[in-house]
Protein chains: 2
Amino acid sequence: MTRVLVVDDEPQILRALAINLRARSYDVRTAGTGTEALAVAVDHAPELVVLDLGLPDLDGTEVIARLRTWTSVPILVLSGRSDSTDKVEALDAGADDYVTKPFGMDELLARMRALVRRLGPAEDEPATVLLGESTIDLAARKVLRDGVEVRLTPTEWHLLEVLVRHPGRLLGQKRLLDEVWGPGYENAHGNLRLYMGQLRRKLEPDPGRPRHLLNEPGMGYRFEP
Amino acid sequence: MTRVLVVDDEPQILRALAINLRARSYDVRTAGTGTEALAVAVDHAPELVVLDLGLPDLDGTEVIARLRTWTSVPILVLSGRSDSTDKVEALDAGADDYVTKPFGMDELLARMRALVRRLGPAEDEPATVLLGESTIDLAARKVLRDGVEVRLTPTEWHLLEVLVRHPGRLLGQKRLLDEVWGPGYENAHGNLRLYMGQLRRKLEPDPGRPRHLLNEPGMGYRFEP
DNA sequence: CCGCGTCCTAACAGCATCCTGACGCCGGTG
DNA sequence: CACCGGCGTCAGGATGCTGTTAGGACGCGG
């Protein structure tokens, strides 16, 4: 049963697609926004992503790029824009196919079959990020430091994931707290400091003088590869 | 320099495509008929085939099918027919993408890039896996431990199979429950714990201190060979 | 009907993880 | 110099998760 993640902001299209795909015995998960799509992709590890470009919160190519930082799952883009530059952008960002609305359901299904047939079984790939002497394998959820495995707790993983997926960028504390702890923890700065310290102790060569998990006083934190 | 085979029966289109692709530094070979295309494919082992469906001698799906008998090279189909059934036929015959004429050159190039990016031979997985002193034969559904056969119940097999098929990777409990028990059991964590314990008792040398069927608290389980 | 194997639910002790609060450090400021 | 906000660190109790055991429900062949 192939796991498919369908992303679209229009509920009726989402429902129609889900019903059609489930009738073909796909295992369907849905998402209505870009951030939700990224979260579901982590949890569910789909074998195919069907992605509408007109999302309310994130740009389509942004979603593709973020997925591509850690997974090579095939991505089929749906879009109302038939403009050529949109297609080129999406495909070069890492998408594997591009279908313009309105589309025929049987054509969409055929293209999905083609993608899964070609790329579905090939699921394994390191997809690893370097952090000093440590290598972070996002897909396997494993960290190796000098060859030995380092154990991270769920919250530590969650925080590290958010940082690593935006290399070099400064992430504000409110943003980090919201992504890792969810709403209601916007003022739990002590929490953030605590887990950042644990990550440094487990990953940095000299936790007292961090070189990759950096703090900008008053602003937030930054992952520097 | 990527080797591309371009197949089209109209000489001017063939020439235009070849010039454009060579300008992007592709290594281009051309063919005007289906039989010629098959011959050139054998000689030059292209990394991508751009195939027009309206050939004089052979049907398009026939060319695709014959190529697929011996090679898994990506095939991009060009066609004047925008009919949905044609697309489905070509894609199901083994094509990887389908572009209708008239097409934009930059879109075609982007789709070619997307296909070539996915290059890479698919490696086949071994039929038997080692787990400590036990050998697991996936195909025969048998487990031998110190030479004697170990009996596993269907559910135990199912769970072990999912774990073993992703060696070294951490699989979330939701994912495992979904794969083994199907939808509706996403919260039956006790079940998962129970069967994991039974697998450990039957396979691990010291079930109290597992070394191959590992748990990461709060996240899921991992098979380590 | 009974025995048998398998699957599922419930419960509990032990433990890892999480959160909270407190403390010391540091640089900037009046 | 005293004060303050931001940061890193430490310890303790609450919470949640894990492994394990026991027992009932179900299907199946004798």
Side-chain angles (χ1 to χ4, degrees), chain A residues 141 143 149-161 163 170-222, chain B residues 141 143 149-163 170-223:
Chain A
R141 271 194 151 59
V143 170
E149 193 172 333
V150 180
R151 266 177 54 74
L152 297 186
T153 73
T155 320
E156 287 164 4
W157 260 111
H158 208 329
L159 178 57
L160 180 64
E161 237 177 289
L163 287 165
L170 174 69
L171 299 172
Q173 342 216 10
K174 188 205 161 293
R175 166 94 182 273
L176 288 169
L177 285 164
D178 199 37
E179 286 230 34
V180 178
W181 280 268
Y185 279 80
E186 289 91 6
N187 290 40
H189 286 205
N191 228 318
L192 188 51
R193 279 180 268 151
L194 178 66
Y195 280 90
M196 198 64 63
Q198 294 191 347
L199 278 181
R200 291 207 258 246
R201 197 173 332 130
K202 291 186 179 180
L203 299 177
E204 290 272 6
D206 182 358
R209 258 154 246 144
R211 286 175 14 185
H212 305 101
L213 300 170
L214 308 176
N215 165 261
E216 314 254 338
M219 304 266 101
Y221 291 85
R222 175 205 308 280
Chain B
R141 307 214 121 203
V143 171
E149 190 174 335
V150 179
R151 259 184 65 72
L152 296 186
T153 73
T155 318
E156 287 165 4
W157 255 113
H158 206 333
L159 178 57
L160 180 64
E161 218 176 316
V162 175
L163 287 165
L170 183 114
L171 302 172
Q173 7 222 7
K174 270 181 296 216
R175 166 97 181 268
L176 288 169
L177 286 165
D178 200 31
E179 288 230 29
V180 177
W181 281 269
Y185 279 79
E186 284 98 14
N187 290 55
H189 284 209
N191 228 320
L192 187 52
R193 281 180 270 151
L194 179 67
Y195 279 91
M196 198 63 62
Q198 294 189 351
L199 279 181
R200 290 208 257 245
R201 203 171 316 134
K202 291 186 180 180
L203 300 177
E204 290 272 7
D206 181 358
R209 253 155 253 180
R211 287 174 23 183
H212 304 101
L213 300 170
L214 308 175
N215 163 262
E216 313 251 339
M219 307 218 287
Y221 292 85
R222 181 202 305 279
F223 163 66

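All figures in this text were calculated on a predicted structure; none of them were measured in a lab. Chain letters run A, B, ... following the sequence lines, proteins first and then strands; every chain starts at 1.
On the nucleic acid side, DNA chain C has its first and last nucleotide under 4.0 Å of a heavy atom of chain A at C:dA16 to C:dT20, going 5' to 3'.
Partner B:Tyr195 forms a ring-ring contact (aromatic ring centres under 6.0 Å, His included) with one of B:Tyr185, B:Trp157, B:Trp181 and no other, that one being B:Trp181.
Counted within 6.0 Å of NZ on B:Lys202, heavy atoms from surrounding residues, nucleotides or ligands total more than 12; the atom is thus considered enclosed. Enclosure of atom CZ in A:Arg151 by more than 12 non-hydrogen atoms of other residues, nucleotides or ligands within 6.0 angstrom is indicated. The environment of CZ in B:Arg141 is crowded: more than 12 heavy-atom neighbours from other residues, nucleotides or ligands sit within 6.0 Å.
Looking at B:Glu204 and B:Arg211, no side-chain N of the basic residue comes within less than 4.0 Å of a carboxylate O on the acidic one, giving no salt bridge.
Between A:Arg222 atom CZ and D:dC7 atom P there is a gap of 14 Å when expressed in whole angstrom units. Distance A:Gln198 CD to D:dA11 P: 13 Å, rounded to the nearest Å.
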task = May I have the step-by-step check of side-chain contact (heavy atoms from CB on, under 4.5 Å) for A:Gln198 and A:Leu152, ending in yes or no?
result = CA-CA 9 Å; A:Gln198 294 191 347; A:Leu152 297 186; over 6 Å; no
message = Between A:Glu156 and A:Leu199, does the side-chain contact (heavy atoms from CB on, under 4.5 Å) criterion hold? Intermediate values first, please.
response = CA-CA 7 Å; A:Glu156 287 164 4; A:Leu199 278 181; 4.0 Å; yes
task = For side-chain contact (heavy atoms from CB on, under 4.5 Å), just list the numbers for A:Leu176 and A:Leu163, CA-CA rounded to whole Å, side-chain angles, deciding distance to a tenth of an Å, and then say yes or no.
result = CA-CA 8 Å; A:Leu176 288 169; A:Leu163 287 165; 4.2 Å; yes
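Remark: B:Thr153, B:Pro154, B:Thr155 in residues 153-162 of chain B come within less than 4.0 Å of DNA chain C through at least one heavy atom.
Within the 3.5 Å criterion, the main-chain N or O of A:Leu213 finds a donor-acceptor partner in the side chain of A:Arg200.
Within 4.0 Å of B:Arg209, counting heavy atoms only, lies no atom of the nucleic acid at all.
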inquiry  = Base contacts versus sugar-phosphate-only contacts with protein, heavy atoms under 4.0 Å: please encode nucleotides 16-22 of chain D as B, S and - from 5' to 3'.
reply    = -SBBBB-
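Between B:Leu159 and B:Met196, the shortest heavy-atom contact is CD2-CE, 3.9 Å.
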